[in-house]
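Throughout, numbering of the chain's residues begins at 1 and tracks the sequence. Ligands are counted one by one from 1 in listed order, and the atoms in each one are counted from 1 as well. All values reported here derive from a predicted model rather than from experimental measurement.
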Amino acid sequence: MLTEGEKRSLETFVGKPVDEIETPALIVDLDAMQRNMDKMMRFLSKNDKGLRPHAKTHKTPAIASMQMQRGAVGITCATIGEAEILADGGVFDILITNRVVSEGKILRAVALTRKTDLKIAVDSEENLIDISDHAHKSGVEIGIVLEVDIGHRRAGVRTVEEALELARLASRLPGVTYEGIMGYEGHCVFIESLEERKKVSSIAYDRLLEYKDELSNAGFSPKIVSSGGTGTYLLAGEQRGITDIQPGSYIFMDARYANVEGVEFEQSLTVLTSIVSHPEKDIYICDAGTKSMSQEFGLPLTLPSLNLEATNMSEEFITLVSRPDTLREAEEYLGNLDELYGSAGFKLGLGSKVHLIPSHCCTTCNLHDVLYATRNGVVTNVWRVAGRGRFA
Ligand SMILES: Cc1ncc(COP(=O)(O)O)c(C=O)c1O
C-alpha cells in the first residue's frame, strides 16, 4: 500500500514522457484501452447484451468507473476485498463471482450493501443460509446469483436439481433476493482455434440454457444469466438467453490472448523496464522479473521492431536476446504500440527503456501498486491499483 507521500512523489511524473518513469513500471496506453472498451460495448449493444466487466484484471477503481460510464450494467469481481475498493470508488452494482464463506467476510458483504447493489454467487445451501442469516439480522438484502457448472468443473452446482433446490431456498429465505444464474466457460476461453472454441462453448451454453429453462419452468425465471470471458465474448455475446457477459482481459490484452483467434483487441498494457546490463553482444538484461511480471502463461514479448526475445526470467532479471527474424505472426497485433513507443532504429544500451508485453495481464497487474496511464507517450495519470493483493 502506498503512503500519500509516495503517491504524491509518483504524481510528479504526470505530464512527463513515459521514458522518464522509474522502472519496472506498469503502463497503460489510454487510447488503446478506451478503443477496446468501446469495441466491446458496440458489439454487445448491437446484440442487446449487457457488459459486466471483470475487475480482477485491473483492480483499479478509476478503470471500473470508466467502464460504468461507458454503459456497463455493473462490475464483476472475484473477492470481497476487491468489491470493497470498487464500492469505495463509486461502483454502484457489483457481482462477486467467487465464494464469500467465512462469517467475517459475510459481515463485510452486509456492510457493503450500504454502498452498492451487491450480488454474490453461491453454490451451496450452507453458504446461502449463512448469507441470509447475517443479512436478515442486519436488515439488509443481498442479491443471490447461483453458480452453475457448464463444463469447467471448478465451482458451481453440477445438476439442475441442485440449482432448483437453491433457487427455491433463495426465494424463500429472508435477507436474500434470488437474481439469477452464472456459468463460466473457463475451459473454452483459451482454445486458440475459433471453430474449435465455438464447438466446445456451444455445449457449455446448451448446458447454461438447460439450467435457465428448467428454473424458468419451475417459476424461478432468472433475471440475470451471466457468462463469458474475453476469449468467448464473440460467442457468449451472440448466445440467446444470456443477459450479460463478464470479460476482464479485453481492456489490456496479453501475449496469451494474442494467440486466441478472433479476439481482436489492442495491446494497451506494457511493463516498462530498463536495460541494466549488456554482458555479451546479443544479450541484454533488464530490471523486470517475476516480481513485476507474472510468468504462469510464459515469458513476455518485446515490441516487434526491437527484435529481442525473452529467454529467461528470474526475480528481478529478464534476459533478452537479439533475434534476427522479423515479426512473428503473434506480434503483428503490436503494431500500434511499436509506432507509439518507437523502437525502430533505436540503439539499445545501458539505461534504454524497453516495453514488455505480459503473458498474463491480470496477475501482472496484481503485482503493482500503481498503473501509469499515458496518452501519446506522455503520463496523464498515476492510478493506484487499489485492489492489488486484496485476496481476502
Ligand atoms: C468468473 C469469471 N468470469 C469471467 C472471467 C473472464 O476473464 P478474462 O476475460 O480475463 O478471461 C473469468 C476469468 O478467470 C472468471 O473467473
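Taking a cut-off of under 4.0 Å to the non-hydrogen atoms of H54, the atoms of ligand 1 that pass are 2 (C), 3 (N), 4 (C), 5 (C), 15 (C). Under a 4.0 Å criterion applied to the non-hydrogen atoms of Y257, ligand 1 contributes the atoms 8 (P), 11 (O). Per-residue contacts place T230 under 4.0 angstrom from the following atoms of ligand 1 (heavy atoms of the residue considered): 8 (P), 9 (O), 11 (O). Within ligand 1, counting atoms from 1 as listed, the ones closer than 4.0 Å to a heavy atom of G229 are 6 (C), 9 (O). Here is the list of ligand 1 atoms found below 4.0 Å of a heavy atom in S249: 8 (P), 9 (O), 10 (O).
Closest to atom 14 (O) of ligand 1, if we only count protein heavy atoms, is K56 CE, 3.4 Å. Remark: minimum distance from atom 16 (O) of ligand 1 to any protein heavy atom is reached at R154 NH2, 3.0 Å.
Nearest-heavy-atom check against atom 1 (C) of ligand 1 across H360, Q246, M253 picks out Q246.
Neither the backbone nor the side chain of R52 comes within contact range of ligand 1; no heavy atom lies under 4.0 Å. With a 4.0 Å cut-off on non-hydrogen atoms, Y250 does not touch ligand 1 at all.
At least one heavy atom of G228 sits under 4.0 Å from some atom of ligand 1.
Considering backbone and side-chain atoms together, T97 places no N or O closer than 3.5 Å to any N or O of ligand 1. Considering backbone and side-chain atoms alike, G248 places an N or O below 3.5 Å from some N or O of ligand 1.
A donor-acceptor pair shorter than 3.5 Å can be found between the side chains of T177 and E141. Residues T97 and Q246 bring no donor and acceptor atom of their side chains to less than 3.5 Å of each other. For the residue pair D244 / S226, a side-chain donor-acceptor distance below 3.5 Å is found, with atom types taken as modelled.
At least one side-chain heavy atom of E147 sits under 4.5 Å from a side-chain heavy atom of R99. Y341 has its side chain out of reach of K353: every pair of non-hydrogen atoms, C-beta onward, lies at least 4.5 Å apart. Taking 4.5 Å as the limit, every side-chain heavy atom of Q267 sits out of range of all side-chain heavy atoms of H355.
With values rounded to the nearest 0.5 angstrom, T232 atom OG1 is found 10.0 Å from I191 atom CD1.
A salt bridge is defined here as a Lys NZ or Arg NE, NH1 or NH2 lying under 4.0 Å from an Asp or Glu carboxylate O, and K291 with E315 meets this definition.
Taking the six-membered ring for Trp, F297 and F190 have ring centres closer than 6.0 Å.
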